[in-house]
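Along the sequence shown, residues carry numbers from 1.
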Amino acid sequence: MGKEVDAFLMRKWEYAFRVFFDVNRNGTLEWDDFQLLIEIIGEARGPMSDEYLSAKLALNEIWHKLTAAIGLKHDDKVTEEDWMAMWKKSLNGSTPDWQKLYLEYMFQLLDASGDKLVDQSEYIQVMGYFDISRSEATACFDKFALNEQGELVMAITYEKFVTLWEEYFTSTDMNSTGNYLLGFID
């Protein structure tokens, strides 16, 4: 795949794989991870909540598009190596459909109130689903929830979220505020 990928960017991809995708922590990404996340959301928000019903639909579609994008079947497992190759490939072209869907899904999950904004309490709650502590989530939110003047804001818009997401998954700048969107990178 040609050019080497920046080591810091690879660390961010590895972190996202381990924390946000490999929910059962078995070292591979599989449909079971998505089902477990759906169950976690159902327990936190209720089995009849919009968030739970949305998770059931969206995560199924995301899984199918993700596996199709890398040439796997629905019941296959995605290794960390597959994951890294997929992200590396996406740097050289257009964003795969599953990534767009996951970004939209994550914003919807974070925006529990449905007001088209993600505030700190919503962010902290969802980060907890992924075992990110309240103190870490608070510190991260305070690093990225800034306006153009660098002042802390109470909530971020979808547009700001998209910018932070893109910075997280594509920026090699260690000072980028998007680096904090998914928690502190180990």
Item to complete: Taking salt bridge (Lys or Arg N to Asp or Glu O under 4.0 Å) as the test, write out the residues that go with Lys77, two or more places apart.
Response: Glu30
Worksheet item: Would a 4.5 Å heavy-atom cut-off, applied to side chains only, mark Trp31 and Asp75 as touching?
Response: no
Discussion item. Return the CG to CD1 distance between Leu36 and Ile41, rounded to the nearest 0.5 Å.
Written reply: 10.0 Å
Worksheet item: Considering only heavy atoms from C-beta outward, does the side chain of Glu136 approach that of Met127 to under 4.5 Å?
Response: no
Worksheet item: Which heavy-atom pair separates Asp22 from Leu29 by the least distance, and what is that distance?
Response: N-CD1, 4.3 Å
Practice prompt. Sequence neighbours left out, what passes salt bridge (Lys or Arg N to Asp or Glu O under 4.0 Å) with Glu122? Give chain and number order.
Written response: none
Discussion item. Is there a path of hydrophobic side-chain contacts, each under 4.5 Å between heavy atoms of I/L/V/M/F/W/Y residues, joining Ile124 to Val126?
Written reply: no
Practice prompt. Specify the closest pair of heavy atoms between Trp13 and Leu91, including all atoms of both residues, with the distance to one decimal.
Written response: CH2-CD1, 3.6 Å
Discussion item. Just verifying a value: how many Å separate Arg18 CZ and Glu80 CD, rounded to the nearest 0.5 Å?
Written reply: 6.5 Å
Practice prompt. Kindly indicate, with the supporting measurements, whether the criterion side-chain contact (heavy atoms from CB on, under 4.5 Å) is fulfilled by Leu110 and Tyr123.
Written response: CA-CA 6 Å; Leu110 287 162; Tyr123 178 79; 4.0 Å; yes
Worksheet item: Which heavy atom in Lys116 sits nearest to a heavy atom in Phe107, and how many Å separate them?
Response: O-CZ, 3.6 Å
Discussion item. Quick check against the 3.5 Å criterion: does Asp33 have a side-chain atom that pairs as donor or acceptor with the backbone of Asn24?
Written reply: yes
Worksheet entry | Linked, directly or transitively: Val118 and Leu152 (ILVMFWY side chains, under 4.5 Å) | no
Worksheet item: Linking I/L/V/M/F/W/Y whenever any side-chain heavy atoms sit under 4.5 Å apart, do Met174 and Tyr15 land together?
Response: yes
Practice prompt. Kindly compute the distance separating CH2 (Trp87) from CE (Met10), expressed to the nearest 0.5 Å.
Written response: 13.5 Å
Worksheet item: Who pairs with Glu167 by salt bridge (Lys or Arg N to Asp or Glu O under 4.0 Å), at least two apart in sequence or on another chain?
Response: none
Worksheet item: How long is the gap from CG on Leu181 to OG1 on Thr177, to the nearest 0.5 Å?
Response: 9.0 Å
Practice prompt. Please answer whether the main-chain N or O of Glu159 pairs with a side-chain N or O of Thr163 as donor and acceptor at a distance below 3.5 Å.
Written response: yes
Worksheet item: Can you name the nearest heavy-atom pair linking Met154 to Phe141, along with the distance?
Response: O-CZ, 3.7 Å
Worksheet item: Tell me, do Leu164 and Phe169 make a side-chain contact under 4.5 Å, heavy atoms counted?
Response: no
Counting only pairs under 3.5 Å, give me each side-chain donor-acceptor contact of residues 49-60, with atom names and distances, residues two or more places apart or in other chains.
residue : atom : partner : partner atom : Å
Ser49   : OG   : Arg45   : O            : 3.4
Ser49   : OG   : Gly46   : O            : 2.8
Ser49   : OG   : Tyr52   : N            : 3.1
Ser54   : OG   : Gln108  : OE1          : 3.3
Ser54   : OG   : Gln108  : NE2          : 3.2
Asn60   : OD1  : His64   : NE2          : 3.3

Worksheet item: Phe184: what forms a ring pair (Phe, Tyr, Trp, His ring centres under 6.0 Å) with it, not counting sequence neighbours?
Response: Tyr180
Worksheet item: Can you find a side-chain donor-acceptor pair between Asp173 and Ser171 that sits under 3.5 Å?
Response: no
Worksheet item: Given Tyr168 and Ile185, is the side-chain contact (heavy atoms from CB on, under 4.5 Å) satisfied, shown in steps?
Response: CA-CA 10 Å; Tyr168 183 90; Ile185 303 155; 4.1 Å; yes
Worksheet item: How many angstroms lie between atom CD of Gln99 and atom CD of Glu104, to the nearest 0.5 angstrom?
Response: 12.0 Å
Item to complete: Might you point out which heavy atoms bring Gly183 and Ile132 nearest each other, and give the distance in Å?
Response: CA-CD1, 4.4 Å
Worksheet entry | Same apolar cluster: Val153 and Leu117, side chain cutoff 4.5 Å | no
Discussion item. If you apply the rule side-chain contact (heavy atoms from CB on, under 4.5 Å), what do you find for Ser90 with Asn92, and how did you get there?
Written reply: CA-CA 5 Å; Ser90 74; Asn92 302 323; over 6 Å; no
Discussion item. Test your reading of the model: is there a side-chain donor-acceptor pair from Trp63 to the backbone of His74, 3.5 Å cut-off?
Written reply: yes
Worksheet item: What residues, two or more places apart in sequence or in another chain, satisfy side chain to side chain contact (heavy atoms under 4.5 Å, CB included) together with Leu72?
Response: Thr67, Ile70, Asp76, Val78, Asp82
Discussion item. Determine whether Thr157 and Phe161 satisfy the following criterion, side-chain contact (heavy atoms from CB on, under 4.5 Å), listing intermediate values before the conclusion.
Written reply: CA-CA 6 Å; Thr157 63; Phe161 182 79; over 6 Å; no
Practice prompt. For Leu146 and Lys160, work out which heavy atoms get closest and say how close.
Written response: O-NZ, 3.2 Å
Fill in: Cys140 side chain near Thr138 side chain, heavy-atom distance below 4.5 Å
no
Worksheet item: If we only count heavy atoms from C-beta on, is the Trp83 to Glu14 side-chain gap below 4.5 Å?
Response: no
Practice prompt. Answer whether the closest heavy-atom distance between the side chains of Tyr102 and Trp165 falls below 4.5 Å.
Written response: yes
Worksheet item: Quick one: CG on Leu37 to CZ on Phe21, what's the gap to the nearest 0.5 Å?
Response: 9.5 Å
Discussion item. Tell me whether the count of non-hydrogen atoms from other residues, nucleotides or ligands lying under 6.0 Å of CZ in Arg11 goes above 12.
Written reply: yes
